[in-house]
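Down below is the structure, laid out as structure tokens.
Per chain, numbering begins at 1; letters A, B, ... match sequence-line order.
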Amino acid sequence: MALMVYNTLARQYEQFVPVEEGKVSIYVCGITPYDHSHIGHARPAVFWDVVRRYLLHKGYKVKLVTNFTDIDDKLINRSRQTRTPIPEIAEKFIQEYLECMDKLGVLRADVYPRASEVIPEIIETVETLIDKGLAYESAGDVYFRAERFPGYGKLSGKKIEDLLPGARVEVSELKESPLDWALWKASAPDEPGWPSPWGKGRPGWHIECSVMVHKHLGPQIDMHGGGTELVFPHHENEVAQAEAVSGVEPYVRYWVHSELLNLEGEKMSKSLGNVIYLSDIVNNHDPMAVRLYLLSAHRRKILDFSDELLRSAEKGWERIRTGYQNAVEFLANPSAQGLRDASKLAEATAQCRKTFFESMDNDFATPGALAAVFDLITAINAHVVPRGETTADPDARQKVAGAYGLLIECLGILGLVPQAELTPVSRGRDISNGLIDILVEIRNTARKQKDYTTADYIRDKMGDLGITLEDTPSGTKVRM
RNA sequence: GGCGACAUGGCCAAGUGGUAAGGCAGGGGUCUGCAAAACCCUUAUCCCCGGUUCGAAUCCGGGUGUCGCCUCCA
């Protein structure tokens with residue numbers, strides 16, 4: 001089965017074939033750490049984490065690079081306002097971002113380059129562009145000659161003649177054309193900067209990505225990601241710079257953009273002020289439920305944010321966890337008997353495998369993959385949840401094990417971890433578990449004596465603490 | 001004004017020519033002291049109008065609407 005990817009550059013689905021067999025190089029635009037990350041930032045991060053896990057599952061070696069833009073105008077302003085050094089601000093928000101990513105189960109990238117770390121390479125690249133006649137210096141700034149680059153606009157589908165009249169770009173007499181953009185910006189005496197052939201200055205925004213890609217991944221990479229709002233001008237300019245410098249075309253074989261996360265129908269963005277902070281969400285909700293929510297829409301569809309959607313995902317996540325738990329308990333109990341005809345479970349397992357991988361191969365269609373998982377959960381529950389009836393199928397256990405194995409495989413690819421072990425275990429926790437057992441025992445004694453007042457009191461009070469008790473034919477289950 | 005994406009049940013969301021997945025919410029049942037969980041059943045003809053086809057949510061044309069980009073932005 002071939003992996004198909006919708007490529008922004010080609011505007012169509014294409015079969016994915018890496019440059020080098022067995023290896024995939026990926027670059028994903030990261031954040032500018034001048035403020036708290038918002039929930040929208042988590043969408044591409046989680047999406048790419050799934051892509052990476054899927055490619056690894058397919059046997060590829062994957063190298064993922066994600067940048068941090070730790071020098072730019074927003075950081076300079078922030079630094080002025082708060083009277084805090086830029087590196088301190090950047091470091092703080094980078095750490096916060098990474099902590100949120102950890103909670104969401106996003107595997108760390110192989111490299112997180114920072115703009116400030118590649119200044120020499122940037123200067124070198126800018127010099128090369130000037131030598132090639134594609135860039136020019138102007139009062140300490142250096143600009144890229146957009147119109148000199150053949151094919152400018154190919155990624156975003158824009159034409160130079162369309163861009164010129166409608167250009168909303170600030171008109172600057174320093175530029176030859178409004179379409180030109182800064183590769184290097186002269187810094188005022190009170191602004192941070194690095195020495196360069198054009199005086200003290202700092203890099204323009206677009207150049208860092210081209211340089212980092214070349215440095216860490218080479219002149220041609222397999223996939224490049226980022227939000228759709230970056231297609232123009234950021235990625236368009238990146239292509240121009242990179243191809244102009246290296247002469248290698250295409251710079252990126254598959255451009256894989258993710259749609260935005262909207263709040264009440266509007267793009268979530270710091271400049272619009274309609275922002276939901278990522279840390280708030282991740283700290284107040286089960287991060288795995290948040291992850292499920294983020295994967296509930298295909299990457300090329302706008303995803304809206306609302307409490308209702310998040311709640312819906314939380315319920316869905318609970319369903320997955322319960323099903324997982326049911327399978328684990330069944331397999332852990334040698335005397336457990338399955339229900340119904342176990343061949344149905346085997347059938348459902350095969351169907352899930354087919355649907356899951358077909359969906360993933362279809363441009364990483366996580367919603368379809370999730371649907372397959374939910375179907376598998378239903379099949380497992382139908383077979384495994386104690387209900388009094390049993391089946392005599394001697395292979396039942398093996399079939400449950402097969403379904404369980406696939407469930408783990410799928411959830412692993414999606415990065416959804418149901419294991420309770422994720423939560424830190426401590427001695428305090430051991431004690432509370434012991435106490436819970438004692439309470440359950442007391443309650444069950446009360447139930448046997450038909451003292452339901454006491455039994456319900458215990459259950460209610462424990463429920464208030466977030467501990468759910470469920471009475472089943474095979475005993476009382478504790479869920480937290 | 002230019003470029004692009006999208007429009008499926010109460011909410012969310014799959015589907016890339018073959019007769020509408022899945023989640024949440026709702027209704028009815030089974031199980032249960034009650035509850036919860038779980039299982040079973042149940043709720044759509046896919047924005048509108050034309051066209052192509054034996055057959056279209058899926059392709060083409062024309063509308064309407066929403067969103068994004070053209071300025072910093074995942």
Side-chain angles (χ1 to χ4, degrees), chain A residues 4 8 11-13 28-32 34 37-45 47-48 66 69 72-74 153 156-159 161-170 205 225-234 236 257-262 265-272 292-293 296-298 300-304 306 308-309 311-320 322-323 325-326 339-340 355 359 362-363 365-375 377-378 380-389 447 450 452 455-456 459-460 463 468-473 477 479:
Chain A
M4 301 298 286
T8 308
R11 276 174 199 72
Q12 61 181 9
Y13 292 89
V28 180
C29 283
I31 55 161
T32 300
Y34 75 102
S37 291
H38 58 68
I39 177 78
H41 292 130
R43 167 115 105 141
F47 168 71
W48 282 100
T66 291
T69 305
D72 90 319
D73 290 354
K74 291 190 293 294
S156 56
K158 294 185 189 302
K159 297 182 189 117
E161 51 273 30
D162 289 340
L163 284 167
L164 280 172
R168 284 200 259 157
V169 189
E170 207 179 315
W205 175 39
T228 50
E229 90 277 25
L230 297 180
V231 175
F232 190 90
H234 184 56
E236 190 69 59
H257 289 100
S258 18
E259 255 305 344
L260 300 180
L261 194 143
N262 285 183
E266 246 190 349
K267 175 170 79 160
M268 188 177 293
S269 109
K270 290 169 189 171
S271 47
L272 291 175
L292 182 66
Y293 153 73
S296 70
H298 185 270
R300 293 209 304 125
K301 290 283 186 74
I302 290 169
L303 176 63
D304 215 69
S306 72
E308 192 192 351
L309 291 174
R311 240 179 290 124
S312 170
E314 281 176 324
K315 288 304 201 68
W317 176 235
E318 206 175 311
R319 182 169 161 72
I320 291 174
T322 307
Q325 204 56 40
N326 288 338
L339 308 164
R340 300 188 179 174
T355 309
S359 297
N362 180 20
D363 199 28
T366 51
L370 281 169
V373 169
F374 277 111
D375 279 336
I377 292 286
T378 300
I380 289 174
N381 282 333
H383 188 74
V384 138
V385 174
R387 212 178 288 117
E389 353 143 20
R447 286 175 67 216
K450 298 208 188 291
Y452 296 120
D456 289 348
R459 185 173 59 195
D460 290 347
T468 311
L469 299 186
E470 292 170 6
D471 298 319
T472 74
K477 283 170 70 171
R479 296 203 303 136

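Rounded to whole Å, the separation between the C1' atoms of B:rA5 and B:rA20 comes to 23 Å. Nucleotides B:rA13 and B:rC46 have their C1' atoms positioned 13 Å apart, rounded to a whole Å. Separating the C1' atom of B:rG10 from that of B:rA25 is a span of 7 Å, rounded to the nearest Å. When the C1' atom is compared between B:rA14 and B:rG29, the two are found 29 Å apart, to the nearest whole Å. The separation of B:rU52 from B:rU58, taken at their P atoms, amounts to 15 Å, rounded to a whole angstrom. Comparing the P positions of B:rA56 and B:rG18 gives an interatomic distance of 12 Å, to the nearest angstrom. When the C1' atom is used for both B:rA44 and B:rG63, the distance is 24 Å, rounded to whole Å. Taking the P atom of each, B:rU42 and B:rG22 are spaced 11 Å apart, rounded to whole Å.
Shortest non-hydrogen contact noted between A:Ser269 and A:His38 is CA-NE2, 4.2 Å. Minimum interatomic distance between A:Thr472 and A:Lys477 (heavy atoms only, all atoms of both residues): CG2-CD, 3.8 Å.
Here the side chains of A:Met4 and A:Asp363 are not in contact, with every heavy-atom distance at 4.5 Å or above. Counting heavy atoms from C-beta outward, A:Asp471 and A:Arg459 have side chains that approach closer than 4.5 Å.
Using a 4.0 Å heavy-atom criterion, one finds that A:Lys267 contacts the bases of the nucleic acid, with or without backbone contacts as well. Among the protein residues, A:Leu260 comes within range of the nucleic acid bases, having at least one heavy atom under 4.0 Å from a base atom. At a threshold of 4.0 angstrom between heavy atoms, the contacts of A:Gly463 with the nucleic acid are absent. A:Asp73 comes within 4.0 angstrom of nothing in the nucleic acid, heavy atoms only. Among the heavy atoms of the strands lying under 4.0 Å from A:His298 are primed sugar atoms or P, OP1, OP2 only; no base atom is included. Counting any heavy atom pair closer than 4.0 Å across all strands shown, A:Leu261 reaches a base atom.
Residue A:Asn262 places no side-chain N or O under 4.0 Å from the OP1 or OP2 atom of B:rC67. Between A:Asn362 and B:rG15 there is a side-chain N or O to OP1 or OP2 distance below 4.0 Å.
Donor-acceptor pairing under 3.5 Å, judged by distance alone, is absent between the side chain of A:Asp72 and the base of B:rC72. Below the 3.5 angstrom threshold, one finds a donor paired with an acceptor across the side chain of A:Arg459 and the base of B:rA35.
The A:Ala365 side chain lies nearest to B:rG15 when the options are B:rG15, B:rA74, B:rG33. Side-chain proximity of A:Glu470 to the nucleotides B:rA36, B:rG33, B:rU16 is greatest for B:rA36.
Atom CD1 in A:Ile302 sits about 11 Å away from atom C1' in B:rC69, given to the nearest Å. Rounded to whole Å, the distance from CD on A:Gln325 to C1' on B:rA38 is 14 Å. Going from atom CG of A:Leu469 over to atom P of B:rG33 covers 16 Å, rounded to whole Å. The distance between atom CG of A:Leu230 and atom P of B:rA74, rounded to the nearest whole Å, is 6 Å. Atom pair A:Tyr34:OH and B:rA74:C1' shows a separation of 12 Å (rounding to whole Å applied). A:His234 has its NE2 atom 15 Å from the P atom of B:rU71, to the nearest Å.
Partner assigned to B:rG68 is B:rC3, using Watson-Crick or G-U wobble distances below 3.5 angstrom. The base-pairing partner of B:rC24, taking Watson-Crick or G-U wobble contacts with both distances under 3.5 Å, is B:rG10. A 3.5 Å limit on both hydrogen-bonding distances identifies B:rG51 as the Watson-Crick or G-U partner of B:rC59. Pairing for B:rU45 is absent, with no Watson-Crick or G-U wobble pair whose two atom distances lie under 3.5 Å. Across all strands shown, B:rA38 pairs with B:rU30; the Watson-Crick or G-U wobble distances both stay below 3.5 Å.
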Go along nucleotides 2-9 of chain B 5' to 3' and tag each nucleotide: B for a protein heavy atom under 4.0 Å from its base, S when only backbone or sugar atoms are that close, - otherwise.
BS--SS--
What string of B, S and - do you get for nucleotides 20-26 of chain B, 5' to 3', when a contact is any protein heavy atom under 4.0 Å?
-BSBSS-
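Of the two residues contacting RNA chain B, namely A:Ile377 and A:Thr228, the nearest-nucleotide position lying further toward the 5' end is that of A:Ile377. Between A:Asn326 and A:Phe232, the residue whose closest nucleotide on RNA chain B is further toward the 5' end is A:Asn326.
For A:Arg311 and A:Ser306, the side-chain atoms include no donor-acceptor pair closer than 3.5 Å. With 3.5 Å as the limit, one finds no donor-acceptor pair spanning the side chains of A:Asn262 and A:Asp304. Between the side chains of A:His257 and A:Thr228, no donor-acceptor pair of N or O atoms lies under 3.5 Å. A:Thr322 and A:Arg479 share a donor-acceptor pair across their side chains, judged by distance under 3.5 Å alone.
Atoms CD1 and CE, on A:Ile39 and A:Met268 in that order, are 7.0 Å from each other to the nearest 0.5 Å. Atoms NE2 and OG1, from A:His41 and A:Thr32 in turn, are 8.0 Å apart once rounded to the nearest 0.5 Å. Note: A:Tyr293 OH to A:Leu303 CG = 3.5 Å, rounded to the nearest 0.5 Å.
By the side-chain contact (heavy atoms from CB on, under 4.5 Å) test, A:Lys301 is found to be paired with A:His298, residues two or more places apart in sequence or in another chain being considered.
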